[in-house]
Amino acid sequence: MTSTFEWQNNVQSPNTATLLLVGGNGIQRQNLAAAVLDQKTSCNIRIRTATHLPLKPSEDRPHIDLLTIMIDMTSKLSFEVALESLQHVDVQYFLGKFAFILVNAHKIQERCVDLDDVAQLSSVYSVPLLCEDIETPDGCNRMAEKVVMKLEIASGNASTSYLLQNCSKQNHPTVDSLWYT
């Protein structure tokens, strides 16, 4: 399958990591991007955002270290956009450089997307689900910490001691672990 969002082997600046946030509504995506930029990190973080894939061709597109697709659990359209966007992702991103970000999973009564469908999607592509209530400042901050940790690892900017301390925290959640109490 040809991909319009291909893995780029170009060398980027040292101590730089680039994140692409795809999907989600504008406010959630922008708040998360701001929270990611506020995190203490060992590298310079650059963030690009998009509503969906494929992206328009661009000669000056930077190397993307971590690709994330946001899925709003209260929007069936968000899940459909995620499924469509996945069709345009190079398989090399699924080797530790991709994650799903779930938003509004805590709104049980308003969910339009089945958690089992999202968990199955995560399992099929063997990628993590990152889940927090990003509508609150604390939740957005926790999500930003998770994203920065994945970004530093994906970009090769994480130190060995950092990896040893934090890798055990990155588990692939089960559907049961995504329920909020």
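What you see is a predicted model, and the numbers here were worked out from it, not measured in a lab.
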Same cluster or not: are Val124 and Leu95 linked, directly or through other Ile, Leu, Val, Met, Phe, Trp or Tyr residues, by side-chain heavy atoms under 4.5 angstrom apart?
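No; Leu95 is not reachable from Val124 via cluster members.
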Closest contact, heavy atoms only, [X] versus [Y]:
X      : Y     : result
Ala144 : Val36 : CB-N, 3.7 Å
Ile71  : Ala82 : CG1-CB, 3.8 Å
Ala154 : Asp65 : CB-O, 3.4 Å

Should side-chain heavy atoms under 4.5 Å link Ile, Leu, Val, Met, Phe, Trp and Tyr, which residues sit in the same cluster as Ile27?
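Reading the cluster by chain and number, Ile27 sits alone, since nothing else belongs.
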Residues clustering with Val81 (ILVMFWY side chains joined when closer than 4.5 Å, directly or via others):
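Once heavy-atom contacts under 4.5 Å are chained together, Val81 belongs with Leu77.
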Among all residues two or more places apart in sequence or in another chain, which pass the salt bridge (charged side-chain N to carboxylate O under 4.0 Å, His left out) test with Glu135?
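Glu135: salt bridge (charged side-chain N to carboxylate O under 4.0 Å, His left out) contacts with Lys107.
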Is there a side-chain contact between [X] and [Y] in this structure, where contact means two heavy atoms from C-beta onward sitting under 4.5 Å apart?
X      : Y      : value
Leu121 : Val127 : no
Lys97  : Leu67  : no
Thr16  : Ile45  : no
Thr49  : Leu20  : no
Leu19  : Ile64  : no
Phe98  : Ile69  : yes
Leu55  : Leu53  : yes
Arg29  : Thr51  : yes

Applying ring pair (Phe, Tyr, Trp, His ring centres under 6.0 Å) as the test, list every pair that has at least one member in residues 111-148; sequence neighbours left out.
Phe94-Tyr125
Provide the full list of ring pair (Phe, Tyr, Trp, His ring centres under 6.0 Å) pairs with a residue in residues 19-56, sequence neighbours left out, each pair given once.
none
By side chain to side chain donor-acceptor pair (under 3.5 Å), which residues pair with [X], not counting sequence neighbours?
X      : result
Thr41  : Glu152
Arg142 : Glu132
Gln30  : none
Asn141 : Gln39

Would the distance check show the side chain of Ser155 and the main-chain N or O of Leu151 forming a donor-acceptor pair, the cut-off being under 3.5 Å?
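At least one qualifying donor-acceptor pair exists.
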For Val113, which residues count as a side-chain contact (heavy atoms from CB on, under 4.5 Å) partner, sequence neighbours excluded?
Met73, Phe79, Val118
Could you work out, with side-chain contact (heavy atoms from CB on, under 4.5 Å) as the rule, every residue matching Asp38, not counting sequence neighbours?
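None.
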When rounded to the nearest 0.5 angstrom, what distance separates [atom1] in [X] from [atom2] in [Y]?
X      : Y      : atom1 : atom2 : value
Leu102 : Cys131 : CG    : SG    : 5.0 Å
Arg46  : His63  : CZ    : NE2   : 9.5 Å
Ser42  : Asn157 : OG    : CG    : 5.5 Å
Leu83  : Leu86  : CG    : CG    : 6.5 Å
Asp138 : Met143 : CG    : CE    : 13.5 Å
Gln28  : Met70  : CD    : CE    : 5.5 Å

Of all pairs that satisfy side chain to side chain donor-acceptor pair (under 3.5 Å), the ones with a partner from residues 66-75, not counting sequence neighbours
Asp72-Thr74, Asp72-Asn104
Begin with the C-alpha distance, continue with both residues' side-chain angles, and end with the deciding distance and a verdict on side-chain contact (heavy atoms from CB on, under 4.5 Å) for Leu66 and Thr18.
CA-CA 7 Å; Leu66 181 66; Thr18 306; over 6 Å; no
